[in-house]
Amino acid sequence: MRLDVVTIFPEYLEPLNVSLVGKARARGQLGVHVHDLRQWTYDRHNTVDDTPYGGGPGMVMKTDPWGDCLDQVLADGYDSGAHGPVMVVPTPSGRPFTQELAVELAAQPWLIFTPARYEGIDRRVMDEYATRIPVHEVSIGDYVLAGGEAAVLVITEAVARLLPGVLGNAESHRDDSFAPGEMANLLEGPVYTKPPVWRGRAIPDVLLSGHHGKIARWRRDEALRRTAANRPDLLERTEASAFDKKDRET
Ligand SMILES: Nc1cc(-c2ccc3ccn(Cc4ccccc4)c3c2)n[nH]1
């Protein structure tokens with residue numbers, strides 16, 4: 001997979017050099033190319049913004065720097081086979097970023113992120129590229145950031161961990177809260193490791209029992225408990241499981 005990121009704060013993307021994404025890059029599983037939008041400005045002040053038509057607070061990011069930069073990113077190209085690139089535009093007014101969308105994006109060979117600042121990018125830029133490639137406007141949550149770079153870090157990590165061979169233990173994302181299966185749509189329950197007692201706090205006996213059926217049942221019960229407490233809305237989507245059916249029989 002190739003990622004291109006266009007930003008006025010390239011240093012904001014340095015976390016993509018460390019940890020899971022950094023390792024995937026070092027192994028050649030992921031290519032990340034960060035572009036400083038100001039390299040596509042030609043005035044003395046490297047201007048990327050201007051006042052909004054119609055008035056109102058703040059500034060809007062200008063068309064030309066984005067157009068010149070994105071044309072070059074597309075022209076530099078990448079052999080992504082039948083699929084061309086997909087543009088991902090972080091915005092408070094976008095489609096909610098979910099595990100489902102992460103899976104969808106992880107299947108793409110080439111993503112181009114366009115994190116903006118100020119009040120956003122002149123709408124004509126997205127309209128222009130939507131005639132050539134898929135453009136997804138994506139929100140990472142119902143809160144307001146000052147720009148899109150943090151969203152790029154979030155989306156990139158959620159997508160990279162789904163790439164084959166990137167997560168050490170291939171099983172790791174099998175039990176994701178939002179992945180299909182027994183724990184689908186349930187929040188993760190508590191996890192424990194050595195020592196068996198810490199400051200007088202022991203771990204649940206069932207986890208030392210070696211009884212995998214009981215352990216699996218306990219983990220689902222804990223996940224249900226936490227989901228009911230923190231995300232009751234998810235319980236609407238939770239399929240009755242084998243455990244629940246067994247409950248009803250007993
Ligand atoms: N989920 C999510 C995404 C963002 C986001 C993404 C990109 C940008 C670019 C500029 N801003 C600031 C802004 C504040 C309010 C209205 C419009 C723009 C951004 C915010 N906030 N929250």
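For ligands, and for the atoms within them, numbers begin at 1 and follow the listed sequence.
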Original post:
How far apart are the closest heavy atoms of Ile8 and Asp36, and which atoms are they?
Top reply: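 Closest pair (atom of Ile8, atom of Asp36, distance): CA-OD1, 4.2 Å.
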**OP:** Please name the pair of heavy atoms, one in Asp49 and one in Lys62, separated by the smallest distance, quoted to 0.1 Å.
**Re:**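 Where Asp49 meets Lys62 most closely, the heavy atoms are O-CD, 3.5 Å.
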Original post:
Are any side-chain N or O atoms of Asn17 and backbone N or O atoms of Glu14, one a donor and one an acceptor, separated by less than 3.5 Å?
Top reply: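 Between the backbone of Glu14 and the side chain of Asn17 there is a qualifying donor-acceptor contact (under 3.5 Å).
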Original post:
Between the main-chain N or O of Gly67 and the side-chain N or O of Tyr129, is there a donor-acceptor pair closer than 3.5 Å?
Top reply: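 Yes, Tyr129 side chain to Gly67 backbone: donor-acceptor pair under 3.5 Å.
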**OP:** Measure the shortest side-chain to side-chain distance between Leu235 and Leu186 over non-hydrogen atoms and say whether it is less than 4.5 angstrom.
**Re:**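 Yes. Closest side-chain heavy atoms under 4.5 Å.
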**OP:** Report all protein residues having a heavy-atom distance below 4.0 Å to some atom of ligand 1; order the list by chain, then number.
**Re:**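 Only Pro90, Thr91, Pro92, Ala116, Arg117, Tyr118, Glu119, Ser139, Ile140, Gly141, Tyr143, Val144, Leu145, Ala146, Gly147, Gly148 have heavy atoms that fall under 4.0 Å of ligand 1, ordered by chain and number.
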Original post:
What class does the angle between the rings of Trp218 and Tyr192 fall in, given that below 30° is parallel, 30 to 60° is tilted and above 60° is perpendicular?
Top reply: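 Plane angle between 30° and 60°, so tilted.
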